Protein chains: 2
Amino acid sequence: MNRMSPGTQEDRAAATRLNILDAAEALFRSMGYQKTAVADIARELRMSPANVYRFFASKSAINEAIAERLLAGVAGDLDAIANGPGAAADRLRGMMRLLHARHMALFFKEKRMHDMVTAAMAEHWGVVAAFIARVESALGRVLADGAARGEFGALDAAATARMIKQATLCWMHPVLIAESLAKNLTDEIRMAGELESMLDLLIKGLRPDH
Amino acid sequence: MNRMSPGTQEDRAAATRLNILDAAEALFRSMGYQKTAVADIARELRMSPANVYRFFASKSAINEAIAERLLAGVAGDLDAIANGPGAAADRLRGMMRLLHARHMALFFKEKRMHDMVTAAMAEHWGVVAAFIARVESALGRVLADGAARGEFGALDAAATARMIKQATLCWMHPVLIAESLAKNLTDEIRMAGELESMLDLLIKGLRPDH
DNA sequence: GGTCTGAAAGAATCCGTCAGTCGTCAGAGC
DNA sequence: GCTCTGACGACTGACGGATTCTTTCAGACC
């Protein structure tokens, strides 16, 4: 193939893909995934619905790409903490706090996000699973580091990472957060406090045996 | 009021209530809550639907009473372990194992139980909340006992009980169990093993500071 | 020739209808 | 007087037709 200058075509296409993602994300956030039609996204960008399909195979694929981008951002921030300085216990705390804060912002700052998230979880579990794996991996690295430094006792990093994820699930899982808030079992402030207590207990359990 | 012998009327009424509960529970288990009509329950007992309403205000109230009976049974078994002999840590383990086992049996031995449970959780949260409170109370007593004996470090029994409940939520919560099994994240055997690991970690965290 | 569109097929969702169920009441039977 | 029934309104959930949305494709435009 020949072209004007190397990468021009691909660059334009990539830019359009990004524009579509931005417009779609804004619409999904403000009016919800279900209520947003592909025609709405196209109108926003002054193009035809058909043209959107030149860049994404389906509406669902657009949502998948948005979810991927979003979760990659969170995972990146998480890695930064994991690889940063400080005691392993503090990094662990920081990571779980970040995860909780992001989840709260994601699901409850903009109410309409809910069906966007549930659609992603139902249709693109792979993306979510990859994110969870990345979270567990980052946790595992911090745990292994802490163990190597003698800050924690001997441990199976992967298995322990999973335990920490499971133990703090109710501060991270959309369904559980929604249930807690809906049933008035707790509020945003108390939730954050309880997460700290849980982290205290877990980190104490990780300390060396004597 | 006068009557033949003391308590006769009330006894008959109580017996009929029990009969209705037994018949309803059997039907709910075998054909599901939604699919069971009050007429089905009445037919089973050779009475008219209307008569059932003399003993229960609604089909939903029948489900509430069944849930209450069921959960009271589990809570009783839990109390027995809590008040029994043995190290506090072992009793704690036993209690969580029992809860996990009962939940698994409840929700997945008989598939039809599912909508009975979800209906109870949606319509009669009070019953479930009371059960959870009783579980936390029993856990709290064991924790306080363990702390008094020096088996555990100083702790806030109520708050710590809640932490333990939260940390093990994913082995107890119907939605989470269903999700794990549906997504093939784990199976019944591995789940039990992971619960043990979590209990190891938590109990280690509870030990006195040195 | 590559980029995009309008029109149209196929899929999903909404909405009005209706059978069947829940829950009530006056009154029959003991 | 207590226990129960049969018959009646209120309501829910299921079905089918109409509408809207997703996706495709032949062809217009530059």
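Chain naming here is simple, since letters A, B, ... match the order of the sequence lines and numbering starts at 1 in each. Note that the structure is a prediction, hence the values are computed from the model and not measured.
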**Q** Do A:D79 and A:R141 sit within salt-bridge range, that is, some charged N less than 4.0 Å from a carboxylate O?
**A**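 Judged by the 4.0 Å cut-off on N to carboxylate O distance, A:D79 and A:R141 do form a salt bridge.
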**Q** Which whole-number value in Å describes the distance from B:M31 CE to C:dT21 P?
**A**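 Going from CE in B:M31 over to P in C:dT21 covers 10 Å.
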**Q** Find the distance B:E123:CD to D:dT12:P and express it as a whole number of Å.
**A**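 Nearest whole value for this atom pair: 12 Å.
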**Q** What is the distance from CZ of A:F55 to P of D:dT24, rounded to the nearest Å?
**A**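 In whole Å, D:dT24 P and A:F55 CZ are 15 Å from each other.
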**Q** Specify the separation, in whole Å, of atom CZ of B:R43 and atom P of D:dT5.
**A**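 For the pair B:R43 CZ and D:dT5 P, the rounded distance is 14 Å.
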**Q** Charged N to carboxylate O under 4.0 angstrom, B:R190 versus B:D187?
**A**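 No salt bridge links B:R190 with B:D187.
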**Q** How would you label the contact of A:T16 with the nucleic acid (heavy atoms, under 4.0 Å): base, sugar-phosphate, or nothing?
**A**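 The answer is nothing, as A:T16 stays clear of every strand by at least 4.0 Å.
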**Q** Going by heavy atoms in the side chains, are B:W171 and A:Q166 under 4.5 Å from each other?
**A**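 Result yes, sub-4.5 Å side-chain heavy-atom pair found.
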**Q** Give the rounded distance in Å between these two atoms: OH of A:Y33 and P of C:dA12.
**A**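 It works out to 12 Å between those atoms.
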**Q** For the side chain of A:A50, starting at C-beta, report the closest nucleotide among C:dC4, D:dC25, C:dC25.
**A**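 Selected nucleotide (nearest to the side chain): D:dC25.
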**Q** So does B:R69 pair up with B:D22, basic N to acidic O under 4.0 Å?
**A**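 Salt bridge present between B:R69 and B:D22.
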**Q** Would you indicate which nucleotide in C:dC4, C:dG23, D:dT23 comes nearest to any side-chain atom of B:S58?
**A**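 That would be C:dG23.
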**Q** Would you mind reading off the distance between B:M47 atom CE and C:dA28 atom P, rounded to a whole angstrom?
**A**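 So the CE-P distance, B:M47 to C:dA28, works out to 22 Å.
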**Q** Considering heavy-atom distances to DNA chain D, does A:Y53 or B:S48 have its closest nucleotide positioned more toward the 5' end?
**A**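 With A:Y53 and B:S48 compared, the 5'-side residue is B:S48.
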**Q** Nearest heavy atom decides the nucleotide; on that basis, is B:T36 or A:Q34 closer to the 5' end of DNA chain C?
**A**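 Closest to the 5' end, via its nearest nucleotide, is A:Q34.
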**Q** So does A:E196 have more than 12 non-hydrogen atoms from other groups sitting under 6.0 Å from CD?
**A**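 Enclosed.
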**Q** Does A:R54 or A:K35 map to a spot on DNA chain C nearer the 5' end, using the closest nucleotide for each?
**A**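 Whichever sits nearer the 5' end wins; that is A:R54.
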**Q** Can you tell which of C:dC14, C:dG23, D:dC4 lies closest to the side chain of B:K59?
**A**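 Selected nucleotide: C:dG23.
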**Q** Rounded to whole Å, please give me the gap between CD1 in A:I41 and P in D:dT23.
**A**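 It works out to 10 Å between those atoms.
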**Q** Roughly, in whole Å, what's the span from CG in B:N51 to C1' in C:dC30?
**A**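 Roughly 15 Å, once rounded to whole Å.
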**Q** If you check every side-chain atom of B:A37, which of D:dC4, C:dT24, C:dT21 has the closest atom?
**A**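 Taking heavy atoms from C-beta onward, the closest nucleotide is C:dT21.
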